[in-house]
Asker: 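Before we start, here is the structure in question, set down as structure tokens.
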Amino acid sequence: MNFDDILCHIGGFGRFQKTLYVWICLPQIFLAFHMLVSVFTGAVPPHLCRSTRPSAAAPAFSNFSLVAVPDGRPDLSCTFSLNHSDSETTNRQPTGRCQGGWDYSTETFKSTVVTEWDLVCDSATMNNVGSSIYMFGLLVGAAVFGSLADKYGRRTIILVNLATQAVFGVGAAFAPNFYIYTAFRFMVGTSVSGVIINAFVLGTEWTGSKHRMLAGIITDYFFGVGYILLAAVAYLIRDWRKLQLTISAPGFLFIFYVWVLPKSARWLMANDRKEEAWELIQKAAHMNGQPLAKDLEMCKGHENTEKTEVKKKHSCIDLLRTPKMRKQSLIVFYLWFVNVLVYYGLSLNISDFGMNIYLTQMVFGLVEMPARTITLFTLNRSRKISQLAFLAVGGTACLLTVFIPSDLSVIKSVLAIIGKFGITASLSIIYVYSAEVFPTVIRQNGIGMGSMCARTGGVLAPMMYLLRNISPHAPMVLCGVCPLLGSALTLLLPETANKPLPDTIEDIEGTTLSEEDGGVRPIICEPQQHQHKLTNNSKDEEQQFNPGW
């Protein structure tokens with residue numbers, strides 16, 4: 001009897017699992033806070049070089065309107081007239097770099113990290129670099145805490161990362177300079193990955209196969225709730241230090257998880273801690289109202305299954321060794337990359353669309369709900385067409401914003417929201433699609449490499465907007481063209497909906513491979529064992545419907 005059979009007897013989504021998902025979903029709200037707070041803490045308000053003051057005593061606040069629009073007056077923001085003539089004719093007079101600092105508009109933000117440390121003009125790139133370093137923290141956290149969880153357990157790593165997130169999140173609110181602030185944010189990023197990955201895996205390992213997709217959607221909804229709530233919190237708190245403290249300090253309340261968060265019985269059994277596992281199983285059965293008599297053969301059957309699965313070892317090289325596998329792997333890696341690149345490219349730069357930043361943030365959060373829900377209905381019909389269609393919708397909408405004049409900010413924002421809808425749905429689909437494209441023997445390696453490509457997209461997303469120095473439309477052109485290319489490449493992938501999962505590379509290639517070609521002999525097993533290989537492999541499932549990845 002394997003663990004999925006046990007879940008069938010004790011209840012795959014009973015009271016025990018529902019309570020567990022409450023504990024898993026609560027941190028998702030704060031994870032969304034940390035992921036997107038830089039939209040407000042790193043915002044760049046309209047600013048004027050102090051040397052453009054008409055008099056020494058009165059700053060030219062009335063001139064902020066000249067630089068408040070995307071095509072405003074950069075000469076007023078970063079330079080001053082050497083002969084101190086009227087600022088309206090500054091572009092016809094000799095100018096110099098601003099050395100006396102800047103005056104910032106406080107109409108929208110009381111303070112941000114930009115106004116705190118003057119990250120404008122020559123130092124503007126530092127703001128984007130700081131966001132990329134945070135995203136790099138997500139990449140490091142995914143690589144480090146994924147493997148540590150296999151060694152020390154999901155619960156332990158979740159608790160450690162929740163504590164890390166609270167400590168360094170609060171520390172960032174008191175950072176004395178931008179470099180320490182960025183270092184603290186990097187640590188927060190690593191902890192966010194650690195919580196997202198292992199919380200989702202913990203829930204997956206306790207949930208029956210019939211409810212895993214629905215359970216995954218539930219966690220996504222809570223991330224969306226955090227997305228929306230952040231707009232309200234940021235609207236009420238306009239000072240960046242207070243905002244950072246507000247979203248971080250409640251993290252200390254999760255200390256009670258030490259007493260309520262259960263371990264993974266599946267992980268305990270795989271690590272020969274069967275007595276602990278059995279105690280948890282009996283507790284879950286009791287809470288679900290389905291007591292189960294102890295079956296000693298259960299542990300033996302699970303142990304045998306685990307030993308069978310680790311006999312054959314494969315590496316990432318197998319993803320590229322053979323023609324069809326290489327083609328499918330490269331396409332899937334690109335889809336991971338482009339989905340996350342555009343998702344965070346849109347999410348972190350909502351101020352570019354010209355509407356109220358708080359309203360845009362709230363709408364971007366609201367659109368996550370239907371975008372993720374619609375995939376429940378389209379995925380069962382076709383993985384391939386769903387992926388292709390939503391990428392095309394997202395890319396086309398982003399590309400159309402380029403042709404909308406700046407004064408039509410409402411239309412531009414509506415198109416951006418449609419683009420966000422398409423990319424969010426596409427991002428949800430790629431988790432499932434990639435797990436079905438890769439054969440069982442290298443599925444873990446394939447999804448792991450896909451996740452690394454996704455994190456690379458996240459790192460590059462903040463830097464993408466430096467292309468505005470080349471052309472103001474360049475970032476949105478990139479957000480449009482890249483998904484459209486991905487949509488076209490999806491045509492070359494196989495349809496996997498309602499089809500048996502491939503187990504070997506031979507299943508992909510459709511021919512018998514020699515050992516020199518990196519082939520493997522087919523593994524003969526019963527259909528039930530096939531199912532077990534997928535559902536019992538938490539590393540495969542942890543990717544599905546996971547916004548943090």
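Counting from 1, the numbers follow the sequence of the chain as shown.
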Asker: Could you tell me whether the side chain of K384 and the main chain of L493 form a donor-acceptor pair under 3.5 Å?
Answerer: yes
Asker: Taking the ring centre of each residue, are Y227 and F33 less than 6.0 Å apart?
Answerer: no
Asker: Keeping the roles fixed (side chain from K263, backbone from R154), state whether a donor-acceptor pair exists under 3.5 Å.
Answerer: no
Asker: Could you tell me which non-hydrogen atom of G345 sits nearest to which non-hydrogen atom of M464, and how far apart they are?
Answerer: CA-CE, 3.7 Å
Asker: Can you find a pair of side-chain heavy atoms, one from Y343 and one from K420, that are under 4.5 Å apart?
Answerer: yes
Asker: Using the side-chain contact (heavy atoms from CB on, under 4.5 Å) rule, take V144 and T190 through it: C-alpha gap first, then chi angles, then the decisive distance, then the call.
Answerer: CA-CA 9 Å; V144 172; T190 62; over 6 Å; no
Asker: Nearest 0.5 angstrom please: Q361 CD to I228 CD1, how far?
Answerer: 9.5 Å
Asker: Are any side-chain N or O atoms of Y257 and backbone N or O atoms of W23, one a donor and one an acceptor, separated by less than 3.5 Å?
Answerer: yes
Asker: Between S471 and L467 (side chain of the first, backbone of the second, donor and acceptor by atom type, cut-off under 3.5 Å), is there such a pair?
Answerer: no
Asker: Determine whether more than 12 heavy atoms belonging to other residues, nucleotides or ligands lie under 6.0 Å from atom CZ of F136.
Answerer: no
Asker: Measure the spacing between CG of N198 and CG of L159 and express it to the nearest 0.5 Å.
Answerer: 10.5 Å
Asker: Pairing donors with acceptors under 3.5 angstrom, does anything connect the side chains of S428 and R372?
Answerer: yes
Asker: Within this structure, what is the CD-OG1 distance for the pair E368 and T373, rounded to the nearest 0.5 Å?
Answerer: 10.5 Å
Asker: So which heavy atom on L348 is nearest to which on S38, and how close?
Answerer: CD2-OG, 3.8 Å
Asker: Using the rule given for side-chain contact (heavy atoms from CB on, under 4.5 Å), can you reason through I331 versus V437, listing the C-alpha separation, both sets of side-chain angles and the distance that settles it, and then say yes or no?
Answerer: CA-CA 11 Å; I331 292 174; V437 166; over 6 Å; no
Asker: Of the non-hydrogen atoms in L366 and P370, which two are nearest, and what is the gap between them?
Answerer: O-CD, 3.1 Å
Asker: On a heavy-atom basis, which atom in V332 and which in S434 lie closest, and how many Å separate them?
Answerer: CG1-CB, 3.6 Å
Asker: I want to check something: taking the side chain as every heavy atom from C-beta on, are L7 and F13 in contact at a cut-off of under 4.5 Å?
Answerer: no
Asker: State whether the side chain of S386 and the backbone N or O of T378 hold a donor-acceptor pair below 3.5 Å, judged by distance alone.
Answerer: yes
Asker: Cut-off 3.5 Å, side chains only: do E205 and S264 have a donor facing an acceptor?
Answerer: yes
Asker: Taking atom CG of L139 and atom SG of C453, what is their separation to the nearest 0.5 Å?
Answerer: 10.0 Å
Asker: Have S382 and E495 got a donor and an acceptor in their side chains that come within less than 3.5 Å?
Answerer: yes
Asker: Whether the Q387 and S426 side chains hold a donor-acceptor pair (N or O, under 3.5 Å, no angle test) is what I'd like checked.
Answerer: yes
Asker: Under 3.5 Å, is there a donor-acceptor pair between the side chain of T490 and the main chain of L388?
Answerer: no
Asker: Any chance you could measure I374, atom CD1, to T424, atom OG1, to the nearest 0.5 Å?
Answerer: 12.0 Å
Asker: With no hydrogens and no angle check, is any side-chain donor or acceptor of T156 less than 3.5 Å from a backbone partner on G153?
Answerer: no
Asker: Do I508 and T322 come within less than 4.5 Å of each other through their side chains, counting heavy atoms only?
Answerer: no
Asker: So, the side chain of R155 versus the backbone of L261: is there a donor-acceptor pair under 3.5 Å, distance only?
Answerer: yes
Asker: Just by modelled atom types, is the W206 backbone N or O under 3.5 Å from a matching donor or acceptor in the Q17 side chain?
Answerer: yes
Asker: Determine whether Y152 and V160 make a side-chain contact, defined as any pair of heavy atoms from C-beta on separated by less than 4.5 Å.
Answerer: no
Asker: I want to check something: taking the side chain as every heavy atom from C-beta on, are I6 and I281 in contact at a cut-off of under 4.5 Å?
Answerer: yes
Asker: Starting at CE of M135, measure out to OG of S193 and round the result to the nearest 0.5 Å.
Answerer: 10.0 Å
Asker: Can you name the one residue among Y134, F184, Y181 that meets ring pair (Phe, Tyr, Trp, His ring centres under 6.0 Å) with F168?
Answerer: F184
Asker: Output yes when a side-chain donor or acceptor of S248 lies under 3.5 Å from a complementary backbone atom of Q244, and no otherwise.
Answerer: yes
Asker: Could you walk me through whether I197 and F145 pass the side-chain contact (heavy atoms from CB on, under 4.5 Å) test, one step at a time?
Answerer: CA-CA 8 Å; I197 295 169; F145 293 114; 5.8 Å; no
Asker: Shortest non-hydrogen contact from L415 to A397?
Answerer: O-CB, 3.3 Å
Asker: What is the minimum heavy-atom distance between S347 and L36, and which atoms define it?
Answerer: CB-CD2, 3.8 Å
Asker: Does some side-chain heavy atom of L202 sit less than 4.5 Å from a side-chain heavy atom of W267?
Answerer: no
Asker: Does the pair F254 and L26 meet the rule for a side-chain contact (heavy atoms from CB on, under 4.5 Å), with working shown?
Answerer: CA-CA 9 Å; F254 288 114; L26 285 178; 4.1 Å; yes
Asker: Are any non-hydrogen side-chain atoms of L427 and W336 less than 4.5 angstrom apart?
Answerer: no
Asker: Measuring only between side-chain heavy atoms, which start at C-beta, is Y344 closer than 4.5 Å to S131?
Answerer: no
